[in-house]
Structures are given as C-alpha cells and as structure tokens.
Amino acid sequence: MFSPDDHRYMARALQLAERGLYTTDPNPRVGCVLVKANDVVGEGWHMRAGEGHAEVHALQNAGAGQARGATAYVTLEPCSHHGRTPPCSEALIDAGVSRVVVAMQDPNPRVVGQGLARLQQAGIAVESGLMRAQAEAINPGFLMRMHTGRPYVRCKLAMSLDGRTAMASGESQWITAEAARNDVHRLRARSSAIVTGIGTVLHDDPSMTVRLPDDEGQYGESPLRVVLDSQLQMSPQAKILSRQTGATRILTLNAATPQAAALRAAGAEVVAIAAVDGKIDLAAMLRQLAEDGRNEVMLEAGATLSGAMLQAGLVDELVIYMAPILMGDGARGLFCLPGLEAMADRIDLEIMDIRAVGRDWRITARPVYRPV
C-alpha cells in the first residue's frame, strides 16, 4: 500500500519527531513532512507543550498556499480537539492538503480515531500504519500512560562484569567510565521524573540532576526528582534539595510531621501516599506521576527498591551499564529478589540492544513477566 517514497518521507518525519525527545512532556513527540510533486515543501516537529504542534510548524514552514494539494506525513494522528492549541486536523483541512499518511493513531481518548475521521469527512485521503513500530518506539511513555494509567519505567543500573553494583563496604563510585555516565544523563534528560529510594539518598547523597552542556536549552526542564521515604529520614541538607534546578518530591506515609515541615522549608514537596504492608504503594506512586502528566520515569535506586519494582511487574525496561571490572563475590548484587529459589521462579529478560559506550557496555532488556 505504501511506496518507497512514502517510507522515505515518513522516515524523515520520525527524525523530526526525535528532535522533541527532551522537551515535549507531557505531550508526545511528533514530526510532520509536507510533500508536493515529490518535493518537500514544509517540515516541522512539536517542540514544547503549549506551543504549536508538528503540523502547524510544517504548514508555517511551507508558507501560504504551498500545502494545497500536498501529502502530509505525520508520525501521530492529528488532534481533533481544542487544547492549548487549535486542532491540527482542522489546520490541515484549511491548508488544502489532499492526502494524510499517519504512522499511528493517537491513543489519547480525546483523539483516538477522531482526527482521521475528521480528515476523511473533509474529503482528504487518509492512510494509517506506515512505520508504526518506529513511531511507537519514540513515545513509549505517552503510550503507556494512555493505555495503562501509569508511566513507562526505565530502570538504570551499573554493574561489574561479575554482576556487582557496590563493594561490600558500599563503595560504588565509579563503576563505569565518563562516557557511560554521560549516557545516563541523556536518559535522565528524556525522563519526566527520576525515582529513587531513601537508602540511596542516605548512602550516596546524590544530586539526581542532568549534568550536560545545555547552552541552547535542547534538554528542556529538569525532570522531577522523587524520593520514596516512608519514615521521612531525609536531611534538609541533602544534595537532592540544595541548590538544584527542578523540583524534588518526597513521598511518605505521614506528611504532617515536624520533619515534613523542615523538608518543605528546604524546598521539597512532601506528599503522603498510600501504603501496602507498611511500605509505600509502588503502583500508587506511578499512578500519581501519570496523573501529573509524567510519561517516562527513570528508576535510579538500590537493589531493594529496584528489585521490588521488578517483582511487582512495574519495570518496563532495564538499562544496565556493564564495566570491564571484577568486584568479587562479597560485593553487592544487582537486585534484591527474595523468593527466587528455583529455576521456575526466575525472571526472564528479552535483550533489545547491546552496544559499547566508551569502555563499558550498555545492555537494554525488557522483563518478560509471566501471567498471574
């Protein structure tokens, strides 16, 4: 159904969509290419929430009248509702495009199918599904939030070749080299929130910020930092609070205590959240982040919280940086996974990608959860 030229122009639209990798939250990353007589007459991508969508930027880039009779290649179904910006489906209709090729439907209940239907009602030829898998890969968090009501969770870990994350003493800086650490900062930059546990804060006193040169603002706003601290053990002097860009949210079981007041005075948002068996309800934590419009969450925590999230089926992707070092059998393991006693209890992984990052290796894997 789709020609080689269709594939070429949609591939370009996907490249444009990726330019919004760090800046579009809570909106999806979308690209658009306008083609007439086999010439590209306009290009655009969604840059920031509240600003024009990809189709609008492409039409502006094309100029008055240039889109009439053109084909629009869009990575996501044009919206059909009035939000902070007018509907993109109406903009395409008004511009006089004759054909719209869409990579994937918008899963947002306010849109799904309606944008395509509106275009068809206006007499525009509409085709959908071209390079859908590639379009979905650009927006894992938006899709997860729309389909399940929670964000996409990416768990980042660093380990030695023998699977250790810290020496027996707890020393862990640095397992990986600078290239891998910079790669982590890029993962942070594309995330809506970074989640960690109080154990990591107490032991490592991390900043949990994006530390990359950003003279042109290409990395957007700093992600929300979220600390799971059921008993409010955090110090108001913790680095995650002091002199940091972006906000820090502390989730706890009781937010009406003197310690909570002290943490608020230090700049933190302290929020009470539901408990399960005396511990923070991890699923409720993710639902809260989804309600805030957070698409992708990066989990940077120790073996206990990472293991609990994995065993609860709440990790969608593992990003493991493996360093060419050995740390010994007394060092700390990657996950705390109580109850895994037989091979039948194991957690299987689907390896998605393995590549060198400087001297280290980055392994991207997807947990394969068994039906309950």
Side-chain angles (χ1 to χ4, degrees), residues 149-151 153-158 165-166 169-173 184 188 191-211 221-294 296-315 332-338:
R150 71 165 179 84
V153 178
R154 182 178 290 112
C155 178
K156 187 280 298 183
L157 298 151
T165 63
S169 64
E171 182 183 0
S172 61
Q173 294 183 333
V184 170
R188 285 181 179 178
S191 302
S192 309
I194 302 169
V195 173
T196 193
I198 185 59
T200 296
V201 174
L202 294 176
H203 189 272
D204 297 334
D205 196 20
S207 297
M208 294 289 182
T209 53
V210 176
R211 295 188 292 279
E221 297 181 3
S222 296
L224 173 71
R225 295 178 294 274
V226 180
V227 181
L228 276 57
D229 184 4
S230 60
Q231 303 303 315
L232 285 186
Q233 301 176 67
M234 185 189 291
S235 165
Q237 284 74 48
K239 282 184 183 178
I240 206 166
L241 294 176
S242 61
R243 299 184 303 279
Q244 304 292 350
T245 59
T248 299
R249 177 182 299 171
I250 303 172
L251 299 182
T252 187
L253 301 184
N254 183 358
T257 66
Q259 179 66 0
L263 290 167
R264 290 190 182 100
E269 177 189 7
V270 183
V271 179
I273 197 163
V276 174
D277 297 328
K279 299 178 181 179
I280 287 174
D281 185 333
L282 300 177
M285 176 266 295
L286 293 180
R287 287 194 299 271
Q288 181 191 90
L289 292 174
E291 290 167 1
D292 285 349
R294 311 289 173 175
E296 295 181 25
V297 166
M298 189 161 172
L299 177 64
E300 291 195 62
T304 301
L305 179 54
S306 297
M309 289 282 287
L310 187 61
Q311 287 191 306
L314 298 175
V315 172
R332 299 181 182 183
L334 203 60
F335 292 102
C336 178
L337 297 170

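Since we're looking at a predicted model, the values are computed, not measured.
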**Asked** Quick one: does P223's side chain get under 4.5 Å of R294's, heavy atoms only?
**Response** no
Could you list the donor-acceptor pairs under 3.5 angstrom formed between side-chain atoms of residues 256-274 and any protein atom two or more places apart in sequence or on another chain?
| unit_1 | atom_1 | unit_2 | atom_2 | d |
| --- | --- | --- | --- | --- |
| T257 | OG1 | A260 | N | 3.1 |
| Q259 | NE2 | M234 | O | 2.5 |
| R264 | NH1 | A255 | O | 3.2 |
| R264 | NH2 | A255 | O | 3.0 |
| R264 | NH2 | V270 | O | 3.1 |
| E269 | OE1 | R249 | NE | 3.1 |

**Request:** Only counting residues at least two apart or in another chain, list the ones meeting side-chain hydrogen bond (donor to acceptor under 3.5 Å, both in side chains) with S235.
**Result:** Q237
**Worked verdict on T196 versus R225 for side-chain contact (heavy atoms from CB on, under 4.5 Å)** = CA-CA 8 Å; T196 193; R225 295 178 294 274; over 6 Å; no
**Request:** Report the C-alpha distance between L310 and C155 in whole Å, list the side-chain angles of each, state the deciding distance to 0.1 Å, and finish with yes or no for side-chain contact (heavy atoms from CB on, under 4.5 Å).
**Result:** CA-CA 9 Å; L310 187 61; C155 178; over 6 Å; no
**Between SG on residue C336 and CD on residue Q311, distance to nearest 0.5 Å** = 7.5 Å
**Request:** With side-chain contact (heavy atoms from CB on, under 4.5 Å) as the test, would you mind laying out the steps for V184 and M298 before giving the verdict?
**Result:** CA-CA 10 Å; V184 170; M298 189 161 172; 3.8 Å; yes
**Item:** Nearest non-hydrogen partners of F335 and G307, listed with the distance
**Value:** CD2-N, 3.7 Å
**Message:** Please report the interatomic distance CG(L157) to CG(L299), rounded to the nearest 0.5 Å.
**Reply:** 7.5 Å
**Message:** So does L334 get a backbone contact from the side chain of T165, meaning a donor-acceptor N/O pair under 3.5 Å?
**Reply:** no
**Complete:** Residues passing the side-chain hydrogen bond (donor to acceptor under 3.5 Å, both in side chains) test with T200, sequence neighbours excluded, are none
**Side-chain donor or acceptor of T248 paired with backbone N/O of L241 under 3.5 Å** = no
**Prompt:** Which atoms form the tightest heavy-atom contact between A290 and G149, and what is the distance?
**Reply:** CB-O, 3.2 Å
**Complete:** Contacts of R188 meeting side-chain hydrogen bond (donor to acceptor under 3.5 Å, both in side chains) (sequence neighbours excluded), chain-then-number -> E300
**Prompt:** Counting N and O atoms only, with roles assigned by atom type, does the side chain of T252 sit under 3.5 Å from a partner on the main chain of S230, one being a donor and the other an acceptor?
**Reply:** yes
**Asked** Are V201 and D229 close enough that some pair of their side-chain heavy atoms sits under 4.5 Å apart?
**Response** no
**All side-chain hydrogen bond (donor to acceptor under 3.5 Å, both in side chains) counterparts of Q231, not counting sequence neighbours** = none
**Asked** Can you check whether L232 reaches N254 side chain to side chain, under 4.5 Å on heavy atoms?
**Response** no
**Prompt:** Are L289 and V195 close enough, and set up right, to give a side-chain contact (heavy atoms from CB on, under 4.5 Å), and what steps lead you there?
**Reply:** CA-CA 10 Å; L289 292 174; V195 173; 4.1 Å; yes
**Prompt:** Taking only residues two or more places apart in sequence, or in another chain, which ones meet R150 in a side chain to side chain contact (heavy atoms under 4.5 Å, CB included)?
**Reply:** M144, T148, V153, L286, L314, D316
**Prompt:** Roughly how far, to the nearest 0.5 Å, is CG of L251 from CG of D281?
**Reply:** 11.0 Å
**Request:** Starting at CD1 of I198, measure out to NE2 of H203 and round the result to the nearest 0.5 Å.
**Result:** 13.0 Å
